[in-house]
Amino acid sequence: MKLFLDSANIEEIREVAGWGVLDGVTTNPSLCSKESAGFEENIRAICALTPGPVSAECVSLQADAIVPEARALAKLAPNIAVKIPVGVEGLKAAKRLAAEGIAVNMTLIFSAGQALLAAKAGARFVSPFIGRLDDVSEDGMALIDEIVQIFDNYDIKTEVIVASVRHPRHVIEAARLGADIATVPFGVMEKLVRHPLTDIGVERFLADWRKVKK
Ligand code: E4P
């Protein structure tokens, strides 16, 4: 499974790229609003650091406006994927952009039907938001299970990005279900690498090593 960082923060992205585990980055308007650098400058810098796709989100709502906005975003760097919220206008735009070879990440997916339509319109990625479903007492991971099964049934090439990840178990369950990608906030990425028994084990080994005769 590929791991993307769900962040627009250049230091976080540089840090995780340094761990050798970064396959891509997803941003959204809320994440971008936390950064001091200008939007385009920041996205270009992220693209330069990232070995895979970087999602940058369109804010237009009508297909005729989404398409030129997405084309402009795609020109920022060769590894841009344009993020477009699912909906009738989003589907129309995705169809046109996919025909031009622009990678579309259809976002704010909350049902398998939305994912299926996004794939049929030519989206390269779909982003089901599992944490936000869990937040309203629905089962986010059940949605991933459904989408993965449907895409497998028909050999659909659209990749499933498990988004709105809240904790390490979300990442592990996503991998167990065969999702292509999980996009993970920096804090969860840090939790994934740590285990208290690893820290205790290292401490014990070092304490015993100090007793070894040289
Ligand atoms: C994914 O592409 C989104 O940027 C993100 O995962 C949304 O997460 P949130 O529900 O924590 O805002």
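Just so you know, ligand 1 is whichever comes first in the structure, and atom 1 is the first atom listed for that ligand. These values consider heavy atoms only, across backbone and side chains, with no hydrogens, waters or symmetry-generated copies.
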> Got an N/O contact under 3.5 Å between T183 and ligand 1?
Replying inline: no
>> Considering both backbone and side-chain atoms of S127, is one of its nitrogen or oxygen atoms within less than 3.5 Å of a nitrogen or oxygen in ligand 1?
In response: no
> Can an N or O of T27 be found at a distance shorter than 3.5 Å from an N or O of ligand 1?
Replying inline: no
> Should the ring pair F110 and F129 be called parallel, tilted or perpendicular, given that the plane angle runs from 0 to 90° and is split at 30 and 60?
Replying inline: perpendicular
> Near W209 CH2, under 6.0 Å, is it more than 12 heavy atoms from other residues, nucleotides or ligands?
Replying inline: no
> When you check the gap from the basic side-chain N to the acidic O, do D135 and R132 get nearer than 4.0 Å?
Replying inline: no
> Of all the non-hydrogen atoms in the protein, which one sits nearest to atom 8 (O) of ligand 1, and at what distance?
Replying inline: S164 CA, 3.4 Å
> Among protein heavy atoms, which sits nearest to atom 4 (O) of ligand 1, and what does the distance come to when rounded to 0.1 Å?
Replying inline: N28 ND2, 2.7 Å
> Is it true that atom CZ of R176 has more than 12 heavy atoms of other residues, nucleotides or ligands lying nearer than 6.0 Å?
Replying inline: no
> In ligand 1, which numbered atoms sit nearer than 4.0 Å to a non-hydrogen atom of R132?
Replying inline: 7 (C), 9 (P), 10 (O), 12 (O)
> Nearest 0.5 Å, what's the CD1-CG distance between I144 and D139?
Replying inline: 10.0 Å
> Is there a salt bridge (charged side-chain N to carboxylate O under 4.0 Å, His left out) between E89 and K92 once you walk through the steps?
Replying inline: CA-CA 5 Å; E89 294 300 311; K92 289 183 200 166; 2.9 Å; yes
>> So if I count the atoms of ligand 1 from 1 in the order they appear, which ones are less than 4.0 Å from some heavy atom of K83?
In response: 1 (C), 2 (O), 3 (C), 4 (O)
>> With the threshold set at under 4.0 angstrom, would you say D6 reaches ligand 1 through any of its heavy atoms?
In response: yes
